[in-house]
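Comments concern the structure below.
Lettering follows sequence order; numbering is per chain, from 1.
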Number of protein chains: 2
Amino acid sequence: MSQQRHGSTPGGTGDVPAFPDLPEATIARLPEYLRALHNLGEGGADTISSEGLAAAAGVNSAKLRKDLSHLGSYGTRGVGYDVALLIEQIEYVLGLDQRRAVCLVGVGNLGHALAGYDGFASRGFKIVALFDADPAKVGERIHGLVVRHIDELSEVAVEESIAIGVIATPAGAAQAVADELVAAGVTSILNFAPCVLSVPANVDVRKVDLAIELQILSFHEHRKASLTALPGGRSATGAGTQEAVGS
Amino acid sequence: MSQQRHGSTPGGTGDVPAFPDLPEATIARLPEYLRALHNLGEGGADTISSEGLAAAAGVNSAKLRKDLSHLGSYGTRGVGYDVALLIEQIEYVLGLDQRRAVCLVGVGNLGHALAGYDGFASRGFKIVALFDADPAKVGERIHGLVVRHIDELSEVAVEESIAIGVIATPAGAAQAVADELVAAGVTSILNFAPCVLSVPANVDVRKVDLAIELQILSFHEHRKASLTALPGGRSATGAGTQEAVGS
DNA sequence: AGGCGCTTGTGAAGGCGTGCACAAATCGCG
DNA sequence: CGCGATTTGTGCACGCCTTCACAAGCGCCT
Ligand SMILES: NC(=O)c1ccc[n+]([C@@H]2O[C@H](COP(=O)([O-])OP(=O)(O)OC[C@H]3O[C@@H](n4cnc5c(N)ncnc54)[C@H](O)[C@@H]3O)[C@@H](O)[C@H]2O)c1
Ligand SMILES: NC(=O)c1ccc[n+]([C@@H]2O[C@H](COP(=O)([O-])OP(=O)(O)OC[C@H]3O[C@@H](n4cnc5c(N)ncnc54)[C@H](O)[C@@H]3O)[C@@H](O)[C@H]2O)c1
């Protein structure tokens, strides 16, 4: 525990990240580990074993170790992982050491909820601008931010160095909004509208579609129902196993 | 086009679904195909090629064909897929031929938005009950539904045959709510709280965590930024390729 | 009626991700 | 100072998923 070397992360000379190539599946799980670590840290834990952290994150412990090994060796055999150090490492890899500016387009039902969500701020993001096309909404004040007209997007995006945009408009407007975001220099988009977006290759899009989530659950309900007719009525209701469903 | 046989789906004698075992990855994409098909159908298309449907759904056409082939042979070589027939098929497989009852627990910021979302109704679901623990919220009327106290959950769930529950409470309350949902007979849960849920093995859980989505985008921003220092300034801004990000 | 172009359905190959099982490493204790 | 208990890091094998490439099937046009 003597030297608390961070590998080559902060304080490095060249400070070149140059992640080899973290598996996509791994980076999708890092945020979950991070959340679990924060919980554990608040609980007063100094170190945590892979088994413990895996349980807190709802994954297999071997998978967790392999994931973390991709970042480097930040654990101590026989002891576990230093919680604070690991938090720092994951936050660095995810680029959360700097608070990232986010803009939100479409301040309707969903947009209102998102604008008022404090879970963003506590996890590395700051909503710095709200946009809408409806003149009736422009000027409205939400959680300390004034809704601006979508035409101002480009100007504000540059001014505030916004790299991430959230789309919460109806599906019909989403592609047009995406185009405007891209034109304004945004290179990452989180899309809540149920539609496919076309964007240049250097722009990342992630989509959240609640109806799809429900439909997947519906399928499993359908399947489960079709098996109810089986003998051996008692279902395999185990102890309290986490039912992990693909990312 | 003469005989419109549905394989063995509706109107079958035994009517036993007995899906062999659709790959998990496939069923996660079926809802996307379904949405694309509805769009195309409204656009007046009678049939659609795998290429066209794949484009509309943002996937590779070979993947789409393989996915659909798991449901049976519902295409016509040289022509494509019958839009209406395929919609019917997918909806059957997903169990959407019956409108599924959903309850929502936690009518706060996010819960309000979800309760008022019409995208559920149009895609096979009906929110039949809202619950909250806050006495100040109980009794409130939202979009035609009255918020009920969480203690009534079990009673209402049985009465309305609710199999799917949505959790939109703070993370601290989510596990307790999940336990109550399970006790009330709910076997599928959509969880918006940023935490891991422990449930019996026969219960499916899907989680939506917005901060995680943003953190994944942040990683890609971080990585992109670390490559900016490269020569050849012009980024590989292709035509308009969809940037598919894992499901 | 026959041929031609188009599209589906699928065999095969390759890549990715997962999980087991164990060697290597570290700590604490006698 | 050495030993056993504990936990990490990883080699390996297996299975799933994706993608290519193509034969089989279908309709249309001549
Ligand atoms: N409400 C929900 O709970 C919910 C859930 C899942 C998905 N969604 C999806 O999220 C999106 C928004 O849902 P909502 O319920 O908030 O809808 P909404 O109609 O309440 O809000 C949409 C907002 O977008 C604005 N808008 C429209 N066109 C615009 C444009 N070109 N530029 C900028 N702003 C524009 C509108 O003025 C409106 O304020 C929809 O695509 C919906 O399918 C909503
Ligand atoms: N608001 C958002 O945009 C947003 C975005 C992503 C995730 N989330 C997550 O969704 C959840 C809800 O967020 P929110 O902003 O709506 O919070 P909120 O505080 O506005 O609402 C939470 C609601 O849950 C109710 N509640 C608390 N304990 C309960 C219990 N035991 N049983 C039933 N109801 C209970 C509260 O009375 C309140 O009405 C949180 O976990 C949050 O992290 C919210």
Side-chain angles (χ1 to χ4, degrees), chain A residues 1-5 7 20-30 32-33 37 40 45-83 85-86 89-90 241-242 244-247, chain B residues 1-5 7 20-30 32-33 37 40 45-83 85-86 89 216 241-242 244-247:
Chain A
M1 203 63 45
S2 42
Q3 279 194 309
Q4 191 169 316
R5 290 247 29 249
D21 50 336
L22 295 212
E24 196 61 28
T26 293
I27 71 171
R29 282 187 295 265
L30 288 181
E32 194 71 48
Y33 302 156
L37 283 166
L40 291 165
D46 265 356
T47 63
I48 182 71
S49 70
S50 65
E51 203 80 37
L53 182 51
V59 302
N60 183 299
S61 72
K63 194 186 324 198
L64 177 127
R65 284 198 299 276
K66 185 153 293 187
D67 282 343
L68 294 186
S69 77
H70 288 136
L71 313 185
S73 278
Y74 294 108
T76 306
R77 297 174 191 228
V79 176
Y81 298 91
D82 181 286
V83 174
L85 173 57
L86 200 49
Q89 275 309 313
I90 295 180
T241 323
Q242 168 71 7
V245 191
S247 88
Chain B
M1 207 62 44
S2 41
Q3 279 194 310
Q4 192 170 315
R5 291 246 29 249
D21 51 336
L22 295 212
E24 197 59 30
T26 294
I27 71 170
R29 282 186 296 265
L30 288 180
E32 194 71 48
Y33 302 155
L37 283 165
L40 290 164
D46 266 357
T47 63
I48 181 72
S49 71
S50 65
E51 203 79 39
L53 182 52
V59 301
N60 182 299
S61 71
K63 191 182 334 196
L64 177 128
R65 286 198 298 277
K66 184 149 292 189
D67 282 342
L68 295 186
S69 78
H70 287 136
L71 313 185
S73 277
Y74 294 106
T76 307
R77 294 171 192 235
V79 177
Y81 297 90
D82 181 287
V83 174
L85 173 58
L86 200 49
Q89 276 309 313
I216 294 173
T241 323
Q242 168 70 6
V245 191
S247 85

Run L71(A) and I90(A) through side chain to side chain contact (heavy atoms under 4.5 Å, CB included) and show every step you take. CA-CA 8 Å; L71(A) 313 185; I90(A) 295 180; 4.0 Å; yes

Do K66(B) and dT19(D) share a donor-acceptor pair, side chain to base, under 3.5 Å? yes

Nearest 0.5 Å, please: how far is CD in Q89(B) from CG in L30(B)? 11.0 Å

As a test of reading the structure: which of dT10(D), dC20(D), dC17(D) is closest to the side chain of N60(B), going by heavy atoms? dC20(D)

To the nearest Å, give me how far apart CG (L68(B)) and C1' (dT10(C)) are. 14 Å

Here the distance between atom P of dG27(D) and atom CG of D46(B), to the nearest Å, is 15 Å

What's the verdict on side chain to side chain contact (heavy atoms under 4.5 Å, CB included) for T76(A) and T47(A), showing C-alpha distance, side-chain angles and the deciding distance? CA-CA 10 Å; T76(A) 306; T47(A) 63; over 6 Å; no

Consider only side-chain N and O atoms of D67(A) and T26(A), and report whether a donor and an acceptor are under 3.5 Å apart. yes

Under 4.0 Å from OP1 or OP2 of dG9(D): is there any side-chain N or O of S73(A) that close? yes

Tell me: CG of L86(B) to C1' of dT7(C), nearest whole Å? 15 Å

Mind calculating the distance between CD (E24(B)) and C1' (dT18(D)) to the nearest angstrom? 16 Å

With nearest nucleotides of DNA chain C determined for S50(B) and A62(A) from heavy-atom distances, which residue corresponds to the more 5′ nucleotide? S50(B)

Between C1' of dG9(D) and CG of L53(A), the distance in whole Å: 15 Å

Please pick, from dT10(C), dG9(D), dG25(D), the nucleotide with the shortest atom-to-atom distance to any side-chain atom of R77(B). dG25(D)

Answer yes or no: does a side-chain N or O of Y81(B) lie under 4.0 Å from OP1 or OP2 of dC26(D)? no

Per nearest nucleotide of DNA chain C, the residue lying toward the 5' end, R65(A) or G78(A), is R65(A)

Figure out the CD1/C1' separation between I27(A) and dC16(C), and round it to whole Å. 14 Å

Side chain of K63(A), heavy atoms from C-beta onward: which of dT18(D), dG17(C), dG19(C) has the nearest atom to it? dG19(C)

Whole-Å distance between dT18(C) C1' and D67(A) CG? 10 Å

Atom CD of E51(A) and atom P of dG9(D) are separated, to the nearest Å, by 14 Å

So, taking the atom named CD in E24(A) and the one named CZ in R29(A), what distance separates them when rounded to the nearest 0.5 Å? 10.5 Å

